[in-house]
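What follows is a set of notes on a single structure, which appears directly below.
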Amino acid sequence: QVKLVESGGGLVEEGGSLRLSCTASENTFGSLFMGWFRQAPGKSRREFVAAIAAEGDRRYYTESVKGRFTISRDSANDTIFLRMRRLKPEDTGVYYCAADTFDYGAAWLEPHADAWGQGTQVTVSS
């Protein structure tokens with residue numbers, strides 16, 4: 001099973017920026033549909049944030065982050081990124097990288113995946 005390792009979380013003021021990274025352990029990276037989910041404080045459920053197709057030609061975002069977050073992938077280094085700009089306090093949470101062999105397209109709304117990262121904390125102060 002592919003192993004995912006995240007980095008890049010931290011504490012930032014409202015309006016600031018962060019970039020999250022997620023590196024996959026296997027050379028099957030090029031066939032994986034990948035994305036990010038987050039779990040807000042006090043919430044038991046992870047919510048979808050963004051996803052990118054295996055070929056990198058399709059990207060999907062939840063409505064609240066459109067225009068502020070950008071997902072991308074570097075196939076040479078088996079890594080995906082989440083560039084987050086104009087951060088808001090409601091973006092606070094633990095961000096999880098996810099990977100699946102199934103191409104969900106725009107329908108990856110439920111927190112189901114073949115593999116998950118360990119999570120990285122993002123805190124946005126007001």
Heavy-atom nearest pair, C22 first then L4, reads SG-CB, 3.9 Å
CZ (F69) and CZ (R83) are apart, to the nearest 0.5 Å, by 11.0 Å
Distance col, row R38:CZ vs S64:OG, nearest 0.5 angstrom, shows 4.5 Å
Inset, instruction - May I ask you to decide if the ring planes of W108 and F48 are parallel, tilted or perpendicular, using 30° and 60° as cut-offs? - result: tilted
Here the gap from S72 atom OG to R19 atom CZ, rounded to the nearest 0.5 Å, amounts to 7.5 Å
Validation: residues 98-107 side-chain donor-acceptor distances under 3.5 Å, sequence neighbours left out:
from, atom 1, to, atom 2, distance (Å)
D100, OD1, F102, N, 2.9
D100, OD2, Y104, OH, 3.2
D100, OD2, D114, N, 3.2
T101, OG1, D114, OD2, 3.1
D103, OD1, R58, NH1, 3.3
D103, OD1, G105, N, 2.9
D103, OD2, R58, NH1, 3.4
D103, OD2, R58, NH2, 2.5

Minimal heavy-atom distance between Q39 and K43, with the atoms involved, is NE2-O, 2.9 Å
D78/R73 salt bridge by N-O under 4.0 Å criterion: no
Intermediate values then yes/no, side-chain contact (heavy atoms from CB on, under 4.5 Å), Y61 and E63 | CA-CA 6 Å; Y61 301 94; E63 193 63 35; over 6 Å; no
With a 4.5 Å cut-off on side-chain heavy atoms, are E6 and S21 touching?
no
Practice problem: Check whether any side-chain N or O of T62 sits under 3.5 Å from a backbone N or O of V49 as a donor-acceptor pair, and report yes or no. | Solution: no
Quiz item: Do M84 and V94 belong to the same hydrophobic cluster, where Ile, Leu, Val, Met, Phe, Trp and Tyr are linked whenever their side-chain heavy atoms lie under 4.5 Å apart, directly or via other members?
Solution: no
Self-check item: ILVMFWY cluster, Y60 and Y95 together (side-chain gap under 4.5 Å)
Solution: no
In terms of hydrophobic clustering (I, L, V, M, F, W, Y; side-chain heavy atoms under 4.5 Å; direct or indirect links), are M34 and L20 co-clustered? yes
Quiz item: Is there side-chain contact between Y96 and Q118, with heavy atoms separated by less than 4.5 Å?
Solution: no
Counting C-beta onward and ignoring hydrogens, is there a side-chain heavy-atom pair between T70 and R85 closer than 4.5 Å?
yes
| request: Would you confirm whether D91, through its side chain, and K88, through its main-chain N or O, come within 3.5 Å as a donor-acceptor pair? | output: yes
**Study point:** Test item: I80 and C97 side chains (from C-beta on) under 4.5 Å apart, heavy atoms
**Key:** yes
### Message
Tell me whether L18 shares a hydrophobic cluster with I71, the cluster being built from Ile, Leu, Val, Met, Phe, Trp, Tyr side chains joined at under 4.5 Å.
### Response
yes
A54 and G30 have their tightest heavy-atom pair at CB-O, 3.4 Å
### Query
Out of curiosity, does V65 fall in the hydrophobic cluster containing W36 (side-chain heavy atoms, cut-off under 4.5 Å, transitive links)?
yes
For V124 and T92 the tightest heavy-atom approach is N-OG1, 2.9 Å
Side-chain donor-acceptor pair present, T79, T23, cut-off under 3.5 Å
yes
Taking every heavy atom of P41 against every heavy atom of G93, the minimum-distance pair comes out as CD-CA, 4.3 Å
For R86 and G67, the nearest pair of non-hydrogen atoms, with its separation, is NH2-O, 3.1 Å
Between the CG atom in L87 and the CD atom in E13, the distance rounded to the nearest 0.5 Å is 11.5 Å
- request: Is it possible for you to check whether R46 lies under 6.0 Å from the centre of the six-membered ring of W116, through NZ or CZ, and within 45° of that ring's axis?
  value: yes
The test is side-chain contact (heavy atoms from CB on, under 4.5 Å); show your working for T120 and S7 and say whether it passes.
CA-CA 6 Å; T120 185; S7 62; over 6 Å; no
